[in-house]
Amino acid sequence: MTLPTRLTGLIATMGPARSGALLMVIAGTLFALINLMTQYATMMLAVPSARMAFWQYFIALLFSLPWVIREGLRAMKTNSLMLHLIRVAAAVIGVQLWVAGLAHVPIWQAIALIMLSPFFVTLGANLFLDEAATLERWLAVTTGFAGGMIILAPWSESFSLYVLYPVGAAAFWALTSLLTKRMTRTESPESLTVYLLLLLIPVNFGLALEGGVAPGGGVTALILIAAGLLTALAQYAIAKAYAIADAAYLQPFDHLKLPLNVGFGVLAFGFVPPGSMWIGSLMILGASFYLLRQESRTAQPA
């Protein structure tokens, strides 16, 4: 899979840092469009969330098939099949919770809450990967979760249990990231990618059976195809970005998904976020950038 020729040529003329930043912005924009289509399909067209998730990732796999065929046979060797299964199960649960959340929760709220995922990763890294639990990390985690509570507002009359879906998605995607990091000790990137793509499909298919898996026609079919294509392109853009630039440098550009999703939500659905969302989001972003700055200082040679 490749990006459009002109864009590929433009990226080739830029340095690694600028190219990586551009690719992260492209990926964030694509994901914002995917979220917009997902919310429209599930909320306005009543497409079951499990069916939406299945077709989105199945079509993404079809667009990625040439790469999977080329890398798949070589990447199927593994000594960690059980961990692959657990990792895929965590990813599937995260996807299902995310899509189900978008069927009931405004985009701005879902995106703000999914940004809690790095803090779940920080907690899990201490518990499962034996990484140091520094004061700075605990301070960032506490501030981030406090911001999440402000966005959740469980004390308000408008609170709904549906808002916990994006929080659950953040937790399970964090578990996926932790398992990925642990498995890189023995597994190749090709193995991790191929097993994720191939195992996601049958699990999502099984979950979609209850509500029917027929994609439907007309606008629904177009949305499913477009979401699948954009998912494949977005995943490629992220992989390419991390291949050419440092992860720590790219993280702030990933946070642009918040204003992008809020803007699309306002334009498409009229979902105008309240002031509490901005307060909570600023706390989450501030904690993220604080942790990034502290980790970058620690990583610098004396």
Side-chain angles (χ1 to χ4, degrees), residues 1-40 52-53 56-64 66-68 91 94-95 98-99 101-102 107-108 110-118 121 166 169-170 172-174 176-177 180-181 189 192-193 196-197 200 223-265 267-268 281 284-285 288-289 292:
M1 183 194 308
T2 58
L3 293 172
T5 305
R6 290 185 179 180
L7 181 57
T8 303
L10 174 63
I11 291 173
T13 63
M14 303 168 66
R18 291 184 179 181
S19 298
L22 175 61
L23 287 166
M24 288 299 288
V25 173
I26 291 172
T29 304
L30 293 176
F31 277 124
L33 290 171
I34 293 165
N35 292 333
L36 184 66
M37 289 185 287
T38 299
Q39 186 144 72
Y40 183 82
M52 180 73 197
Q56 177 184 341
Y57 284 89
F58 178 69
I59 292 171
L61 176 63
L62 292 181
F63 281 113
S64 306
W67 182 86
V68 173
V95 168
W98 174 246
V99 176
L102 287 179
I107 287 179
W108 63 263
I111 290 295
L113 292 172
I114 203 68
M115 291 169 63
L116 290 171
S117 186
V121 171
F172 277 99
W173 281 341
T176 304
S177 298
T180 300
K181 184 171 183 178
L192 291 169
T193 302
L196 182 65
L197 286 172
L200 269 176
I223 289 175
L224 293 175
I225 293 171
L229 172 60
L230 294 183
T231 298
L233 290 174
Q235 293 290 351
Y236 174 83
I238 287 178
K240 185 69 174 177
Y242 281 112
I244 62 177
D246 292 340
Y249 165 76
L250 293 173
Q251 190 61 40
F253 297 98
D254 186 46
H255 290 317
L256 290 174
K257 62 188 176 187
L258 178 61
L260 286 171
N261 280 273
V262 170
F264 287 160
L267 291 175
S281 296
I284 294 174
L285 287 172
S288 297
F289 281 105
L292 173 63

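Only heavy atoms go into these numbers, but all of them, side chains included; no hydrogens, no water, no symmetry mates.
- Under the ring-ring contact (aromatic ring centres under 6.0 Å, His included) criterion, Phe172 pairs with no residue, sequence neighbours left out.
- A distance of 13.0 Å separates CG in Leu200 from CZ in Phe58, rounded to the nearest 0.5 Å.
- The structure places CD of Gln39 at 11.0 Å from CE of Met52, a figure rounded to the nearest 0.5 Å.
- Of the inter-residue distances, the one linking Ile223 atom CD1 with Leu230 atom CG reads 11.5 Å to the nearest 0.5 angstrom.
- Residue Thr231 holds its OG1 atom at 11.5 Å from CG of Leu61, rounded to the nearest 0.5 Å.
- Residues Pro166 and Leu113 share a closest heavy-atom pair of CB-CB, 4.0 Å.
- What you find for Ala110 and Leu102 is that their closest heavy atoms are CB-CD2, 3.9 Å.
- Nearest heavy atoms, Ala234 versus Ala27: O-CB, 3.9 Å.
- Taking CZ of Phe63 as the reference point, atom CG of Leu233 lies at 8.0 Å (rounded to 0.5 Å).
- Rounded to the nearest 0.5 Å, atoms CD1 (Ile34) and CD (Gln56) are 5.5 Å apart.
- Within the 4.5 Å cutoff, the side chain of Val95 has heavy atoms near those of the Trp173 side chain.
- Shortest non-hydrogen contact noted between Val99 and Ala53 is CG2-CB, 4.1 Å.
- Annotation for Ala232 and Ala60: closest pair CB-O, 3.8 Å, computed over non-hydrogen atoms.
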